Amino acid sequence: MPTGGVRLAYRWLFRRLPGQYEAGLAVLTGLIHGEPVLLIGPPGTGKTLLVTSLARMVSAKAYIAQLHRYMTDVEIFGPYNIRALQDGRLVRNWSPIITADIIYLDEVFNAPPFLLNALNSMLNERVIFDPFTGEVMPVRAFAIYGASNYIPQSQELIAFADRFPIKVSVDYVSPEFYEDAYNVSNDSQEPPSGLIAREEIDELRQLAREYMASEEFRSEYLTIAKGLSGLREFGARVSDRTLFAKLPRVIASLMALLECPPSQRGCTTYTAFLTMPWVIGNVQMPEEYRASPEDSARESLRMARNDFLALVSAIRTFMRYEAKVLAMEAIDLAGFENTINDIEEVLRYQRWYSFLVDTLEWRMSWLSKRAEENSAKLARVQELVA
């Protein structure tokens, strides 16, 4: 289970970036699964603040670069060794990109083609193939984040974007959070340094690996993979690399963070649904989709468009409750229960997912218990402070 440092760090992100709880959860989970995370949204929405705050709270050495179309290799990889050049050798004095714990690449799709090719290997294999010196340099970073104002449409950039299996929206603050946003913008509170111990991250990573190795996880995930592959027909860009090599790690990491073990039936599927908006983005569903009976790969999507949209909306609601409990905020689970009632008929109609109704009811009970424990802990802290 996540220890105090992780929960307190998320509580800080939750309160200091009002309304960005989903992005904060994606960034925090990125420390566990280690897969590249892409933050997508307009300027001034807190993308850089999310990453730099998290880096400070984990006492990580961060490398931050804003990419642009005229960028040179020297700007990001480091200058050439002058003495070696005088001897006729091309040797680079490498920048901190190879030694940083966390790498953050802003405006990542603005990089020139040669740089995109070099960064491909960094995102996939944690090595940089220097196109000029021929060096192959290992990268130490345990978490890599990118940011962009848009999702690219060119084939070259689409292929590069696939290196980010997690793509989370960071949009403008909605009106319901205006007061909170105004209050936090008028003070200069810095994120607490060293709040998360590296050992905590290692423990969560180990737990995620154990989850992935379980037969319960494998069994549920194979059903999930069939459903996601069917969404390709409607514009979801889910590569086989994401589907089999990356997404299982992401789901298991979020399960470890949210304390939703695969031994509890439905936890893998429920957590996979929570990550769905990060993976498939905006999917255009037809008014009604009916797969043929023998089409088992897409049978799990046999639902009317309105039912699908209701399920997507429910996922957002569940994510918000999960975020509030992880951040140790007070909650009223009436909305969670109402959402279960809204989608119960939809889920029971689906042969693949009918068991999720029972899972959701268990989860609501678990969240209620955890919220009570959080309240008691915070009350004890306030007593000590007083």
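Owing to the predicted nature of the structure, the values given are computational and were not obtained by experimental measurement.
- The environment of CZ in R218 is sparse: at most 12 heavy-atom neighbours from other residues, nucleotides or ligands sit within 6.0 Å.
- In this structure, S193 OG and R56 CZ are separated by 5.0 Å, a value rounded to the nearest 0.5 Å.
- A cation-pi arrangement is present between R265 and F355 under the rule of less than 6.0 angstrom and at most 45 degrees off the ring axis.
- Atom CD of E176 sits in a crowded spot, with more than 12 heavy atoms from other residues, nucleotides or ligands closer than 6.0 Å.
- Using modelled atom types, one side-chain atom of T317 and one backbone atom of S313 make a donor-acceptor pair closer than 3.5 Å.
- The closest side-chain heavy-atom distance from L25 to V168 is not below 4.5 Å.
- One finds no salt bridge joining E372 and K369 here, because no Lys/Arg side-chain nitrogen approaches an Asp/Glu carboxylate oxygen to under 4.0 Å.
- Looking only at side-chain heavy atoms (C-beta outward), N341 and E344 come within less than 4.5 Å of each other.
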In sequence, state the C-alpha distance, the side-chain angles, and the governing distance for L31 and I102, and then conclude on side-chain contact (heavy atoms from CB on, under 4.5 Å).
CA-CA 9 Å; L31 293 179; I102 291 176; 4.1 Å; yes
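- The backbone N or O of I158 lies less than 3.5 Å from no partner atom in the side chain of D162, so there is not a single donor-acceptor pair.
- With respect to E22 and R320, no salt bridge is recorded, no charged nitrogen being found less than 4.0 Å from a carboxylate O.
- Taken together through direct or relayed side-chain contacts under 4.5 Å among Ile, Leu, Val, Met, Phe, Trp and Tyr, V127 and F132 form parts of separate hydrophobic clusters.
- Using a 4.5 Å cut-off between side-chain heavy atoms of Ile, Leu, Val, Met, Phe, Trp and Tyr, with links allowed through other members, V279 and I151 fall into different hydrophobic clusters.
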One pair to check against side-chain hydrogen bond (donor to acceptor under 3.5 Å, both in side chains): Q86 and R83. What are the steps and the verdict?
CA-CA 5 Å; Q86 292 172 341; R83 180 165 295 181; 5.3 Å; no
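- Considering only heavy atoms from C-beta on, T133 comes within 4.5 Å of Y80 through its side chain.
- In F114, the CZ atom is crowded: over 12 heavy atoms of neighbouring residues, nucleotides or ligands sit closer than 6.0 Å.
- Rounding to the nearest 0.5 angstrom, the gap separating the CD1 atom in I251 from the OG1 atom in T29 is 11.5 Å.
- In this structure, I97 CD1 and S95 OG are separated by 5.5 Å, a value rounded to the nearest 0.5 Å.
- One distance of note links CG of L274 with CZ of R316; it measures 10.5 Å at 0.5 Å rounding.
- Rounding to the nearest 0.5 Å places OH of Y270 at 8.5 Å from SG of C267.
- Remark: side-chain polar atoms of R163 are not paired, donor with acceptor, to backbone N or O of N124 under 3.5 angstrom.
- Annotation: side chain of T223 is not in contact with side chain of T269 (no heavy-atom distance under 4.5 Å).
- Put simply, the side chain of R241 never gets that close to the backbone of K246: no donor and acceptor are under 3.5 Å apart.
- Between Y211 and P261 there is a side-chain heavy-atom pair separated by less than 4.5 Å.
- By the 6.0 Å contact criterion, CZ on R140 is enclosed, its count of non-hydrogen atoms from other residues, nucleotides or ligands being greater than 12.
- A donor atom on one side chain and an acceptor atom on the other are not found under 3.5 Å apart for Y104 and T52.
- When atom types are taken as modelled, the side chain of S253 and the backbone of R249 share a donor-acceptor pair closer than 3.5 angstrom.
- Annotation: the span from L105 atom CG to N110 atom CG amounts to 12.0 Å, rounded to 0.5 Å.
- Relative orientation of the F217 and Y221 rings is parallel, given thresholds of 30° and 60° on the angle between their planes.
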Stepwise side-chain contact (heavy atoms from CB on, under 4.5 Å) test for R15 and V184:
CA-CA 8 Å; R15 292 195 157 194; V184 299; 5.9 Å; no
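- Side-chain atoms of F177 and L17, non-hydrogen and from C-beta on, never get closer than 4.5 Å to each other.
- No donor-acceptor distance shorter than 3.5 angstrom exists from the side chain of R89 to the backbone of A84, with no hydrogens or angles considered.
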Quick one, Y10 with V6, criterion side-chain contact (heavy atoms from CB on, under 4.5 Å). Give me CA distance, side-chain angles, the key distance, then yes/no.
CA-CA 6 Å; Y10 184 68; V6 171; 5.7 Å; no
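- The local environment of CD in E373 is crowded, with over 12 non-hydrogen atoms from other residues, nucleotides or ligands closer than 6.0 Å.
- Note on ring orientation: taking the six-membered ring where Trp is involved, the planes of F109 and Y150 are tilted (angle from 30° to 60°).
- Side-chain contact check for P191 versus M57: some heavy-atom pair is nearer than 4.5 Å.
- Side-chain contact between L247 and H33 is absent, with no heavy atoms from C-beta onward closer than 4.5 Å.
- Judged by distance alone, with hydrogens and angles left aside, the side-chain atoms of K47 form a donor-acceptor pair with the main-chain N or O of G41 at under 3.5 Å.
- Looking only at distances, no side-chain donor or acceptor of Y21 sits under 3.5 Å from a matching main-chain atom of E322.
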For W94 and E135, run side-chain hydrogen bond (donor to acceptor under 3.5 Å, both in side chains): C-alpha distance rounded to whole Å, both residues' side-chain angles, the deciding distance at 0.1 Å, then the answer.
CA-CA 11 Å; W94 280 87; E135 286 182 282; 3.2 Å; yes
